[in-house]
There are 2 protein chains.
Amino acid sequence: MTETASRPTLEAVAARAGVSRATVSRVVNGGDGVREPLVERVRQAVEELGYVPNQAARSLVTKRHDAVAVVIAEPETRVFADPFFALQLRGISKELTAHDNQLVLLLTEGRDDHARVARYLAGGHVDGALVFSLHLDDPLPGLIQGAGVPTVFGGRPGWSDGTRDVVYVDSDNRGGAREAVRLLAGLGRTRIAHITGPLDQTSAADRLDGYREVMGVNEPRLVVESDFTPGDAERAMRELLDRCPDLDAVFAANDLAASGALRVLRERGRRVPEDVAVVGFDDMLPVAEQSDPPLTTVRQDIEEMGRIMARLLLRRLDRSVADEAPGGVVLPTTLVRRASA
Amino acid sequence: MTETASRPTLEAVAARAGVSRATVSRVVNGGDGVREPLVERVRQAVEELGYVPNQAARSLVTKRHDAVAVVIAEPETRVFADPFFALQLRGISKELTAHDNQLVLLLTEGRDDHARVARYLAGGHVDGALVFSLHLDDPLPGLIQGAGVPTVFGGRPGWSDGTRDVVYVDSDNRGGAREAVRLLAGLGRTRIAHITGPLDQTSAADRLDGYREVMGVNEPRLVVESDFTPGDAERAMRELLDRCPDLDAVFAANDLAASGALRVLRERGRRVPEDVAVVGFDDMLPVAEQSDPPLTTVRQDIEEMGRIMARLLLRRLDRSVADEAPGGVVLPTTLVRRASA
DNA sequence: ATGAAAGCGCTAACAG
DNA sequence: CTGTTAGCGCTTTCAT
């Protein structure tokens, strides 16, 4: 590794081009109001010296960092077992880089990390934050709001039931669930069970709400709480089958859970979809397409969600004044019909 | 959002504590050579004002950023369909934050992005880079080496066959493959097929090598190239079955491919493991444990790989001089026995 | 052991 | 239009 040999500074470029630092700075930052011949000379010098602006110095004066933090708070390891965040990150990354912003990733694993993240955000290293707070009781969102950094949340934060002016992007979990259950009902199924996700997450709670809205009557025997994992969904499915041997459909809160349900159904000799129709949620391709039978499911465009979060934040950062639509953006879902229902 | 109200500076703390900026700086950075009573007073002032050092200002003088870039070059979307990178990121993140370093994530999607990444790295925003270069012909690694940033690679880079002094961390793909095939052979299987990964990736190539080493004879009819996805693995499995109807085992280059193979085997009426034994690679839990039957597979500790990469890089950064063991670190794999073989 | 002062590399008034 | 001049907030000699 060659010694970094202190990269050239503005000064050096200026000398080389025979102009002042200010002029070089102008050219480097867009070249407005500098006459063509000079611009050209400076460009040349920049090229020859391989000049790259020092971001630290720039930030020091502009107070801009062109960087945003992505905070993923996830106590459970589960999250990394599905491609959810990966997709979201990709969407975010695309949008951010399209606007020359860097993505600083902050993964948290527990209470200690919370303090660290709060400190980091308060330290003004980044211009804004994109936060995924999945749990109702998560203290992180509060800390972050306290840090005074413009923030957009991924998923409806549980603690902001309408009042606070948080900005968030979410899928239409409730609407999607309604669609799923309506499909099942339209198929003539009458005993439609629901395997929920962890109800301390708004996405799971909203899906349950959607289910209930369509079902009308509240039939607790048809609902069992689970945790979005296939393993626990198997347990849930068994419980459901024991309680209601005559159920003829199940709406699982996500595809992973649906795949667990499918397994139990097969093991118990129920044919899908003939005896029991199954609908999942997410349209996580590797799971939904590869399950047996392939899953009918509610698709949400995760990558797009990420992109929109980034876009919202960037817009907020641009117009320095807080403006327009503080609330939430809710993305539509679409039903994807495959073999399981 | 309250106006950021310009955070307190060192100056402010100094005033408050009745000392000089230099003293505050010393305390903030460890407090060596400052007498107890003063240290206490400064600490107090820092606390009261909620002072957080401005990283940009600090970097400007120290030329240190306490940040490292993680570059994930992935032309294919496939990668995000499995939790591989997520796990690796988590390992990296843990190690990095344990040493007060930030993680800047750079995702690339094509040629344009390469230039951008190279520029970013050359721009000296980060102290080092962790790079995942999975393809033989990837130009990125070269660009990065050119940028003169200390780098550790994830996975053996294809272009560095022994010569260049690259640092990398990899699983023992070849050894793991050998173990898998030996198990199958030990089970009395004699016609062991192999579904490979994309052979322009060293991991896939190494696994194939391991397979061949144990098989001894080169029997091309038993090997078909695939791409790590379940869908294409199905195609591969069918081809294999057509060419060698009497095969009695298959070693798939990863769990996803194994799951595809399993599906075709079932569809063709072959019992697993009675008729055909199957072994995968990765031990990607949601896939390996949930497949039917559960997969016997070669486990690699992805998270640990990430952690070690970070550790290596951090060590490199500490001792400013290039020192010791430049080569590669190869992590052992372990065979996990489940029902499929 | 502490303080004074000199920049780090850049942008942003302000002159000219 | 271009150059001059102040700093941005911090670390780091160098005195004291």
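Chain letters run A, B, ... following the sequence lines, proteins first, then strands; residues in each count from 1. FYI, side chains are in, hydrogens and waters are out, and symmetry mates aren't considered; it's all heavy atoms of this structure.
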**Shortest side-chain distance from A/V34, nucleotide among D/dC10, C/dG3, D/dT2** = D/dT2

**Request:** Report the distance from atom CZ of A/R64 to atom C1' of C/dC10, rounded to the nearest whole Å.
**Result:** 17 Å

**Message:** I need the minimum non-hydrogen distance between B/V149 and B/A129, along with the two atoms involved.
**Reply:** CG1-N, 4.0 Å

**Message:** Output the rounded distance in Å from CG (B/N54) to C1' (C/dC10).
**Reply:** 14 Å

**Request:** Look at A/D318 together with A/R64 and state whether they make a salt bridge at an N to O cut-off of under 4.0 Å.
**Result:** yes

**Message:** Less than 4.0 angstrom between a side-chain N/O of B/N29 and OP1 or OP2 of D/dT11, yes or no?
**Reply:** yes

**Prompt:** Between atom CD in B/E36 and atom P in C/dT2, what is the gap in whole Å?
**Reply:** 10 Å

**Message:** Tell me whether the side-chain N or O atoms of A/R21 pair up with the base of D/dT4 as donor and acceptor below 3.5 Å, since no angle test is needed here.
**Reply:** no

**Message:** Please report the distance, rounded to the nearest Å, between CZ in B/R41 and P in C/dT2.
**Reply:** 9 Å

**Message:** So if I take every side-chain heavy atom of B/T23 and compare against C/dT2, D/dC10, C/dT11, which nucleotide ends up nearest?
**Reply:** C/dT2

**Prompt:** When you measure from the side chain of A/A22, which nucleotide among C/dT2, D/dG9, D/dT4 comes out closest?
**Reply:** D/dT4

**Item:** Nearest to side-chain heavy atoms of A/T9, which nucleotide of D/dG9, D/dT11, C/dG9
**Value:** C/dG9

**Residue A/V61, side-chain heavy atoms: nucleotide from D/dT2, D/dT11, C/dC10 that is nearest** = C/dC10

**Prompt:** Rounded to the Å, how far apart are A/H65 NE2 and C/dC10 P?
**Reply:** 17 Å

**Request:** For C/dG3, take OP1 and OP2 only and decide whether either is under 4.0 Å from a side-chain N or O of B/S20.
**Result:** yes

**Request:** Return the value, rounded to whole Å, for the distance between atom CG of A/L60 and atom P of D/dG9.
**Result:** 7 Å

**Request:** Answer yes or no: is there a side-chain heavy-atom contact under 4.5 Å between B/D113 and B/L106?
**Result:** no

**Asked** Could B/R307 and B/E303 be called an ion pair, given the rule that one side-chain N must be under 4.0 Å from one carboxylate O?
**Response** yes

**Message:** On the side chain of B/R26, is there an atom forming a donor-acceptor pair with the base of C/dG3 - under 3.5 Å, no angle test?
**Reply:** yes

**Prompt:** Of B/L38 and A/T62, whose closest DNA chain C nucleotide lies nearer the 5' terminus?
**Reply:** B/L38

**Asked** Should the pair B/F85 and B/F132 be assigned to parallel (<30°), tilted (30 to 60°) or perpendicular (>60°) ring geometry?
**Response** perpendicular

**Prompt:** Expressed in angstrom and rounded to an integer, what is the separation of A/H125 atom NE2 from D/dC10 atom C1'?
**Reply:** 13 Å

**Asked** When you check the phosphate oxygens OP1 and OP2 of D/dG9, does a side-chain N or O of A/K63 lie under 4.0 Å from one of them?
**Response** yes

**Request:** Check the distance between C/dA12's P and A/R58's CZ and give it to me in whole angstrom.
**Result:** 9 Å

**Prompt:** Heavy atoms under 4.0 Å, any strand shown: does B/V28 hit a base, just sugar-phosphate, or nothing?
**Reply:** nothing

**Minimum side-chain heavy-atom gap B/T23-B/R26 below 4.5 Å** = yes

**Item:** C/dA1 OP1/OP2 closer than 4.0 Å to side-chain N/O of B/R35
**Value:** no

